[in-house]
Amino acid sequence: IVSVIAPFDSARQAARQLVALNGGFYLVHVSTSLAVCEKRDTKGLYAKARAGLVLQFTGVSDPYEEPADAELVIDTSCVAEADAVQLIISRLRRDGFLS
């Protein structure tokens with residue numbers, strides 16, 4: 001299990017192809033609005049990005065390409081963290097990635 005920020009579809013597709021050579025690839029898209037991300041930002045990075053102090057910040061000054069091929073999409077603006085974890089575990093079990 002790897003947690004990465006991959007804002008571009010080409011990077012996700014390359015990762016999918018690479019991992020598929022040796023195992024299963026399962027994309028979970030944690031879909032959360034930019035407004036919610038900014039509200040949850042304890043480090044103030046979004047504010048710094050908006051002020052131009054942080055360059056190439058995904059969603060603010062750099063694009064984000066939403067995945068069209070995610071095996072699971074969870075909107076954490078309306079799903080609690082613990083519930084999101086259970087959704088992932090349940091889906092991985094259902095699809096044979098976990099016993």
Side-chain angles (χ1 to χ4, degrees):
I1 297 175
V2 177
S3 173
V4 296
I5 297 172
F8 300 108
D9 186 59
S10 60
R12 291 189 297 267
Q13 294 306 319
R16 186 181 288 277
Q17 289 175 357
L18 184 64
V19 171
L21 295 173
N22 298 299
F25 185 91
Y26 200 88
L27 178 61
V28 176
H29 174 49
V30 179
S31 169
T32 305
S33 72
L34 188 57
V36 171
C37 289
E38 290 184 75
K39 184 178 177 182
R40 293 177 179 169
D41 181 21
T42 59
K43 296 180 182 178
L45 294 175
Y46 283 93
K48 289 178 182 176
R50 293 217 180 270
L53 301 173
V54 178
L55 304 177
Q56 297 177 314
F57 196 84
T58 301
V60 176
S61 56
D62 232 20
Y64 177 77
E65 298 171 0
E66 192 168 315
D69 60 345
E71 280 74 24
L72 178 61
V73 178
I74 301 173
D75 182 351
T76 64
S77 64
C78 58
V79 175
E81 183 179 337
D83 294 335
V85 169
Q86 285 307 310
L87 285 170
I88 294 168
I89 290 170
S90 295
R91 187 68 180 267
L92 290 172
R93 282 189 178 133
R94 185 196 84 182
D95 293 348
F97 285 91
L98 295 175
S99 57

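Bear in mind that the values here come from a model prediction, so they are computed numbers and not experimental data.
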If hydrophobic clusters are built from ILVMFWY residues whose side chains come within less than 4.5 Å, do [X] and [Y] share one?
| X | Y | value |
| --- | --- | --- |
| Ile89 | Leu72 | yes |
| Leu53 | Phe57 | no |
| Val85 | Val28 | yes |

Nearest atoms (heavy-atom pairs only) where [X] meets [Y]:
| X | Y | value |
| --- | --- | --- |
| Pro7 | Pro63 | CB-O, 3.8 Å |
| Ser31 | Val73 | CB-CG1, 3.8 Å |
| Asp83 | Val79 | CB-CG1, 3.8 Å |
| Ile74 | Leu87 | CD1-CB, 4.0 Å |
| Gly59 | Leu34 | O-CD2, 3.2 Å |

Quick one: which residue pairs count as a salt bridge (Lys or Arg N to Asp or Glu O under 4.0 Å) with a foot in [range], not counting sequence neighbours?
| range | value |
| --- | --- |
| residues 85-99 | Arg91-Asp95 |
| residues 17-37 | none |
| residues 15-31 | Arg16-Asp69, Arg16-Glu71 |

**Q.** Sequence-distant partners of Asp75, side chain to side chain donor-acceptor pair (under 3.5 Å), two or more places apart
**A.** Ser77
Q) Residues two or more places apart in sequence or in another chain: which of them pass side chain to side chain donor-acceptor pair (under 3.5 Å) with Asp9? A) Gln13
Q: Examine distances only and state if a side-chain atom of Ser33 and a backbone atom of Val36 form a donor-acceptor pair shorter than 3.5 Å.
A: yes
Q | Enclosure of Leu21 CG (heavy-atom neighbours >12, cutoff 6.0 Å) | A | yes
**Q.** Euclidean distance, Ser90 OG relative to Leu98 CG, rounded to 0.5 Å
**A.** 9.5 Å
Q.
I need the full list of side chain to side chain donor-acceptor pair (under 3.5 Å) pairs touching residues 51-68, with sequence neighbours left out, sorted by first then second residue.
A. His29-Tyr64
Q.
Quick test of your reading: applying side chain to side chain donor-acceptor pair (under 3.5 Å), list the pairs with at least one residue in residues 42-52, sequence neighbours left out, ordered by first then second residue.
A. Glu38-Arg50
Q. Mind checking what makes side-chain contact (heavy atoms from CB on, under 4.5 Å) contact with Gln17, not counting sequence neighbours?
A. none
Q: Kindly write out the residues that satisfy side-chain contact (heavy atoms from CB on, under 4.5 Å) with Ala15, not counting sequence neighbours, or none if the list is empty.
A: Phe25
What ring pair (Phe, Tyr, Trp, His ring centres under 6.0 Å) pairs are there with at least one residue in [range], not counting sequence neighbours?
| range | result |
| --- | --- |
| residues 67-93 | none |
| residues 4-24 | none |
| residues 78-99 | Tyr26-Phe97 |

